[in-house]
Amino acid sequence: TRYDHFSRNLSVTIDYAFVDYVILGEFHINVFIVEDHVINSDTAYTQSNYYSGKNIEHPYSTWPYFISNYDHRNVFRDAFTGTWGLPLETPPILGKTYTKHFNYTVPVDFDEHHLKVVAFIARDDSAMGSYEVLNSAESRLYPVVSVVQPENPALYVGDIWPNPSS
C-alpha cells in the first residue's frame, strides 16, 4: 500500500497465489477501505442503544437510548471492487502468483490516520447460495506495513507493499 498524503492518492498492489491445491469455482478479489474510530456529533452518527432502560445486567443498560460521539470501530467506507468483487482468472494455476493493482482517491472526510485496506479472495458459488472467503489481509495507511497471514493453506493472499524492511 502506498499513500500520498498531499494528493490523497492510495495505490494498492495485491499478490495472491493458490499454493497448496486449487478448488473448483469462480473466484473474486475484493478490496475495501475501512475506517476505525469514526466519531462525530452529527445526528447521522448517533448510536442507538437497545439495552437502554432494560432491567438486565449489561454495561450499556444505564446509558441513554441515543449515544452521541460514539466511537464506531472498523466502519466500511468504500469498495474498490464493487459489492461482490472482481472476477479472477479461472481456473487459477497452482503456484502461479497473480498481481492486481488498484488506485483510489481518499475522500477528505475520511481520517487517513485511521484507515486500512482490507483485501480478500472469495469463492462465489451463487448456484449453491454461498460466497466463501478463502483468505484475507489488511494494511493500515499509517504506519504502512506488509501483511502476510496465510490462514488457508490452499490460498496465499499477502505481500501488500511497500515492505518497510526492504
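Minimum heavy-atom separation, Phe80 to Ile33: CE1-CB, 3.9 Å. Residues Asn30 and Trp84 approach most closely at OD1-C, 3.2 Å, considering heavy atoms. Closest approach of Ile29 to Ile14, counting heavy atoms only: CD1-CG2, 4.1 Å.
Side chains of His37 and Asp71: a donor-acceptor N/O pair is present below 3.5 angstrom, by distance only. In summary, the side chains of Thr99 and Asp15 do present a donor paired with an acceptor at a separation below 3.5 Å, with no hydrogens or angles considered.
Neither Ile67 nor Val38 shares a network with the other; the hydrophobic side chains, linked directly or stepwise wherever heavy atoms of I, L, V, M, F, W or Y lie under 4.5 Å apart, form separate groups for each. Phe66 and Ile39 are not part of a single hydrophobic cluster, where members link through side-chain heavy atoms under 4.5 Å apart.
For Arg77 and Phe110, the positive end sits near the middle of the six-membered ring, less than 6.0 Å away and at most 45° from its axis.
Taking the ring centroids of Tyr65 and Tyr51, they lie at or beyond the 6.0 Å cut-off. Between Phe32 and Phe76, the ring center distance clears the sub-6.0 Å criterion.
Under 4.0 Å is where a charged nitrogen must lie from a carboxylate oxygen, and between Arg123 and Glu26 no such pair does.
Side-chain N or O atoms of Glu35 include one that pairs as donor or acceptor with a backbone N or O of Asp111 at under 3.5 Å.
Pairs passing the side chain to side chain donor-acceptor pair (under 3.5 Å) check and including a residue from residues 53-63, sequence neighbours excluded, do not occur.
Counting heavy atoms from C-beta on, the side chains of Val31 and Phe120 never come closer than 4.5 Å. In this structure the side chain of Leu115 reaches within 4.5 angstrom of the side chain of Val106, judged on heavy atoms.
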